[in-house]
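Just below is one structure, and these are the notes that go with it.
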Amino acid sequence: MREPLTTDSLESFMKALAATTKSPARVYLVGGASAVLLGWRTATIDVDLKINPETDEILRRLPELKERLKINIELASPDDFIPPLPGWEERSQFIRQEGKLSFHHYDFYAQALSKIERGHDQDHQDFIQMIDTGLVNPDRLVDLFYSIENELYRYPDLDRNSFRQAVELAVAAAKVRLRKPE
């Protein structure tokens, strides 16, 4: 049975992955892993990540680490579900360097859009945290959505109109929320 992913187990994962990696790479943490590191959640069910470049050396380590650390590991990032946002790599916040691996939070704007698209309760809570902590500016989020809107046809599971409506509603609600005094 897999254990929930906590800050401690996530840090153990990062150190263990870096310990035997000989080639430089970037590891982008996504979703619950970002939320755990930033303190929005105490645990999540898995570590979602994107590796660049995706080398055999790193990929071969993942199953062994999954078993040894008793955690779930998924190769999943927003660009699996929505078009990549322009400038996402530059906006991906640095977490730390471990050996040859550079760990980053995957661009929070891309994470926010993919959470809006998915629409689960936890996704909504994460979106609110991104807005409330200033990681995502609502106006910039809409601009970035518009920049990829013409590429949505590449993702047949997405309905362009309903996704646009969901983004516009989420942003409108976020702007109201930001104007409210605590």
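Values below: every heavy atom of this structure, side chains too, minus hydrogens, waters and symmetry copies.
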>> With a 4.5 Å cut-off on side-chain heavy-atom distances among I, L, V, M, F, W and Y, is there a chain of contacts connecting Leu5 to Leu62?
In response: yes

> Is a side-chain donor or acceptor of Glu89 paired with a backbone partner of Arg91 at a separation under 3.5 angstrom?
Replying inline: no

>> Looking at Lys50 and Asp80, is there a salt bridge between them, counting it only when a charged N and a carboxylate O are closer than 4.0 Å?
In response: no

> Going from CG on Leu59 to CZ on Arg61, what distance comes out if it is rounded to the nearest 0.5 angstrom?
Replying inline: 12.0 Å

> Does some side-chain heavy atom of Trp40 sit less than 4.5 Å from a side-chain heavy atom of Thr133?
Replying inline: yes

> So, the side chain of Gln111 versus the backbone of Gly31: is there a donor-acceptor pair under 3.5 Å, distance only?
Replying inline: yes

> Looking only at heavy atoms, which two atoms of Leu29 and Ser34 are closest? And how far apart?
Replying inline: O-OG, 3.4 Å

>> Just verifying a value: how many Å separate Ser9 OG and Lys70 NZ, rounded to the nearest 0.5 Å?
In response: 12.0 Å

>> Using a 3.5 Å distance criterion without hydrogens, assess whether the side chain of Asp126 forms a donor-acceptor pair with backbone atoms of Asp123.
In response: no

> Roughly how far apart are Tyr153 OH and Leu158 CG, rounded to 0.5 Å?
Replying inline: 13.0 Å

>> Is there a side-chain contact between Met14 and Arg96 in this structure, where contact means two heavy atoms from C-beta onward sitting under 4.5 Å apart?
In response: yes

> For Asp8, does its backbone N or O pair with a side-chain atom of Ser12 as donor and acceptor, under 3.5 Å?
Replying inline: yes

> Should Phe103 and Glu98 be marked as a side-chain contact (heavy atoms from CB on, under 4.5 Å) after you check the CA-CA gap, both sets of side-chain angles, and the distance that decides it?
Replying inline: CA-CA 8 Å; Phe103 289 89; Glu98 287 283 346; 3.7 Å; yes

> Linking I/L/V/M/F/W/Y whenever their side-chain heavy atoms sit closer than 4.5 Å, directly or via other members, would Ile82 and Leu135 fall into one cluster?
Replying inline: yes

>> Looking at every non-hydrogen atom in both residues, tell me the closest pair between Glu117 and Phe163 and how far apart they are.
In response: CB-CE1, 3.4 Å

> What are the two closest heavy atoms between Pro78 and Val30, and how far apart are they?
Replying inline: CD-CG1, 3.8 Å

>> According to side-chain contact (heavy atoms from CB on, under 4.5 Å), who are the partners of Arg160, at least two apart in sequence or on a separate chain?
In response: Glu149, Asn150, Leu152

>> Looking at Glu168, I want to see if its CD is surrounded by more than 12 non-hydrogen atoms of other residues, nucleotides or ligands under 6.0 Å.
In response: yes

> Is there a donor-acceptor contact under 3.5 Å from the side chain of Ser92 to the main chain of Asp107?
Replying inline: yes

> Would you find a donor on one side and an acceptor on the other, under 3.5 Å apart, between the side chain of Asn72 and the backbone of Ile45?
Replying inline: yes

>> Quick one, Lys66 with Glu74, criterion salt bridge (Lys or Arg N to Asp or Glu O under 4.0 Å). Give me CA distance, side-chain angles, the key distance, then yes/no.
In response: CA-CA 10 Å; Lys66 183 176 176 175; Glu74 299 289 333; 5.1 Å; no

> At their closest point, which heavy atom of Ala112 faces which heavy atom of Leu141, and how far apart are they?
Replying inline: CB-CD1, 4.0 Å

> Under the side-chain contact (heavy atoms from CB on, under 4.5 Å) criterion, do Asp132 and Arg177 qualify, and how do the steps go?
Replying inline: CA-CA 9 Å; Asp132 287 354; Arg177 182 178 175 76; 2.7 Å; yes

> Can you hop from Ile51 to Leu37 via hydrophobic side chains spaced under 4.5 Å?
Replying inline: yes

> Nearest 0.5 Å, what's the CD1-CG distance between Ile73 and Leu17?
Replying inline: 8.0 Å

> Are any non-hydrogen side-chain atoms of Val167 and Leu144 less than 4.5 angstrom apart?
Replying inline: no

>> Quick check: closest heavy atoms across His104 and Phe94, and the distance to 0.1 Å?
In response: ND1-CA, 3.5 Å

> Do Arg68 and Glu64 sit within salt-bridge range, that is, some charged N less than 4.0 Å from a carboxylate O?
Replying inline: yes

> Are the side chain of Gln97 and the backbone N or O of Leu101 linked by a donor-acceptor pair below 3.5 Å?
Replying inline: yes

> Do Met130 and Lys115 touch side chain to side chain, with heavy atoms closer than 4.5 Å?
Replying inline: yes

>> Minimum heavy-atom separation for Pro84 and Tyr155, please, with both atom names.
In response: CD-OH, 3.8 Å

> Is there a donor-acceptor contact under 3.5 Å from the side chain of Glu57 to the main chain of Lys22?
Replying inline: yes

> Taking it one step at a time, do Thr6 and Thr42 satisfy side-chain contact (heavy atoms from CB on, under 4.5 Å)?
Replying inline: CA-CA 6 Å; Thr6 63; Thr42 57; over 6 Å; no

> For Asp79 and Tyr106, does a side-chain donor sit closer than 3.5 Å to a side-chain acceptor?
Replying inline: yes

> Do His120 and Gln125 have side chains that get closer than 4.5 Å, going by heavy atoms?
Replying inline: no

>> Using the rule that Ile, Leu, Val, Met, Phe, Trp and Tyr join whenever any side-chain heavy atoms are under 4.5 Å apart, tell me whether Leu113 and Tyr146 fall into a single cluster.
In response: yes

>> For a 4.5 angstrom cut-off between non-hydrogen side-chain atoms, does Val47 reach Leu10?
In response: yes

>> Side chains of Ile131 and Pro138, heavy atoms from C-beta outward: is any pair under 4.5 Å?
In response: yes

> Does the side-chain contact (heavy atoms from CB on, under 4.5 Å) test come out yes or no for Lys175 and Val171, once each step is laid out?
Replying inline: CA-CA 6 Å; Lys175 286 180 174 183; Val171 166; 4.0 Å; yes

> Given the rule in the ring-ring contact (aromatic ring centres under 6.0 Å, His included) test, do Tyr109 and Phe145 qualify, once you have shown the distances and angles that lead to the verdict?
Replying inline: CA-CA 9 Å; Tyr109 286 93; Phe145 171 77; over 10 Å; no

>> For the OG1 atom of Thr20 and the CD1 atom of Ile58, what is their distance to the nearest 0.5 Å?
In response: 9.0 Å

> Is it the case that one hydrophobic cluster holds both Leu169 and Val142, taking links as side-chain heavy atoms less than 4.5 Å apart, direct or via other members?
Replying inline: no

> How long is the gap from CZ on Arg140 to CZ on Phe108, to the nearest 0.5 Å?
Replying inline: 16.0 Å

> Would the number of heavy atoms belonging to other residues, nucleotides or ligands and lying under 6.0 Å from CG of Asp121 be above 12?
Replying inline: no

> Less than 6.0 Å separating the ring centroids of Trp88 and Tyr28?
Replying inline: yes

>> Can you confirm whether Leu85 sits close enough to Ile148 that some side-chain heavy atom of one is under 4.5 Å from a side-chain heavy atom of the other?
In response: yes

